[in-house]
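None of the values given here were measured: they were computed from a predicted structure. Only this structure's heavy atoms are used, side chains among them; waters, hydrogens and symmetry mates stay out.
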Amino acid sequence: TGTVVQASNGSWTDISPDTLASEMQNKDFTLLNVKTPYIGEISGTDLYIPYTDLTARASELPTDKAAKIVVYCRSGNESTVAAQTLLDMGYTNIQMLDGGMNAWTAAGFPLEQRGGM
């Protein structure tokens, strides 16, 4: 349930905070924070890779290009770039948190800080 965004080399799906929260109940994906600089994250985040570093740090991403990846940033701008980068890298199952952490907190969900970042 979301809006499919057609892009170069494929598409991704914009999802709402409520959709992400429900997907977290039976989490079967990699949750990727691409916001730079680091300002916090959604609980359950698997990877923090600044959107500008995705290609250089490709080895940290799932090896299966069909693996589901949900990407987010603060407002949606950096995650849009990241989603396109992931498509360019060959990933085919991408979702993006529409509105990013701003929308997440506006919907009443908390952020957390990762120690040592």
Side-chain angles (χ1 to χ4, degrees):
T1 55
T3 306
V4 175
V5 177
Q6 293 299 326
S8 171
N9 293 321
S11 63
W12 66 80
T13 304
D14 282 348
I15 59 170
S16 69
D18 288 335
T19 298
L20 177 57
S22 74
E23 289 185 0
M24 293 294 280
Q25 303 299 314
N26 295 296
K27 189 168 173 288
D28 61 348
F29 56 87
T30 299
L31 185 56
L32 172 62
N33 178 5
V34 296
K35 168 68 188 144
T36 180
Y38 181 86
I39 57 168
E41 65 188 33
I42 294 168
S43 179
T45 295
D46 298 293
L47 292 172
Y48 170 64
I49 303 176
Y51 76 106
T52 50
D53 295 349
L54 282 172
T55 306
R57 293 173 62 181
S59 64
E60 297 174 47
L61 295 166
T63 52
D64 179 4
K65 300 290 189 183
K68 181 171 157 184
I69 300 175
V70 179
V71 61
Y72 70 93
C73 64
R74 186 188 68 218
S75 63
N77 292 337
E78 294 178 352
S79 56
T80 298
V81 176
Q84 181 61 64
T85 301
L86 290 167
L87 288 176
D88 293 343
M89 293 167 73
Y91 289 93
T92 58
N93 189 1
I94 302 163
Q95 292 185 343
M96 186 181 82
L97 177 59
D98 196 18
M101 288 183 261
N102 290 347
W104 181 257
T105 54
F109 299 110
L111 294 176
E112 63 181 33
Q113 298 294 320
R114 183 175 294 198
M117 303 217 52

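- Cluster membership for L20 and V71, using ILVMFWY side-chain heavy atoms within less than 4.5 angstrom, is not shared.
- A side chain to side chain contact (heavy atoms under 4.5 Å, CB included) with V70 is found for one member of I15, T30, T19 and no other, namely I15.
- L31 and W104 end up in the same hydrophobic cluster when Ile, Leu, Val, Met, Phe, Trp and Tyr side chains are linked at under 4.5 Å.
- Side chain of Q84 to main chain of A7: no donor-acceptor pair is present (N/O by atom type, distance under 3.5 Å, no hydrogens or angles).
- Put simply, CZ on F29 and CD on E23 are 5.5 Å apart, with the number rounded to the nearest 0.5 Å.
- Here the straight-line distance linking atom CZ of R57 with atom OH of Y48 works out to 8.5 Å at 0.5 Å rounding.
- Nearest heavy atoms, A82 versus Y51: CB-CB, 4.0 Å.
- Summarising the geometry, atom CG belonging to L97 is positioned 10.0 Å from atom CG belonging to N102; distances are rounded to the nearest 0.5 Å.
- In this structure, OH in Y72 is found 8.5 Å from CG in L32, a value given to the nearest 0.5 Å.
- Under a cutoff of 6.0 Å and an axis angle of 45°, K35 and Y38 do not form a cation-pi pair.
- Side-chain atoms of K27 and D46, non-hydrogen and from C-beta on, do get closer than 4.5 Å to each other.
- Judged by distance alone, with hydrogens and angles left aside, the side-chain atoms of Q95 form no donor-acceptor pair with the main-chain N or O of K68 at under 3.5 Å.
- Rounding to the nearest 0.5 Å places CE of M89 at 12.5 Å from CG of N9.
- Once rounded to the nearest 0.5 Å, the distance linking CG of D14 with CE of M96 reads 4.0 Å.
- Judged by distance alone, with hydrogens and angles left aside, the side-chain atoms of Q6 form no donor-acceptor pair with the main-chain N or O of W12 at under 3.5 Å.
- Between S79 and C73 the shortest heavy-atom distance is N-SG, 3.3 Å.
- Between M24 and G44, the shortest heavy-atom contact is CE-CA, 3.8 Å.
- Summarising the local packing, CG of D64 is surrounded by more than 12 heavy atoms from other residues, nucleotides or ligands at distances under 6.0 Å.
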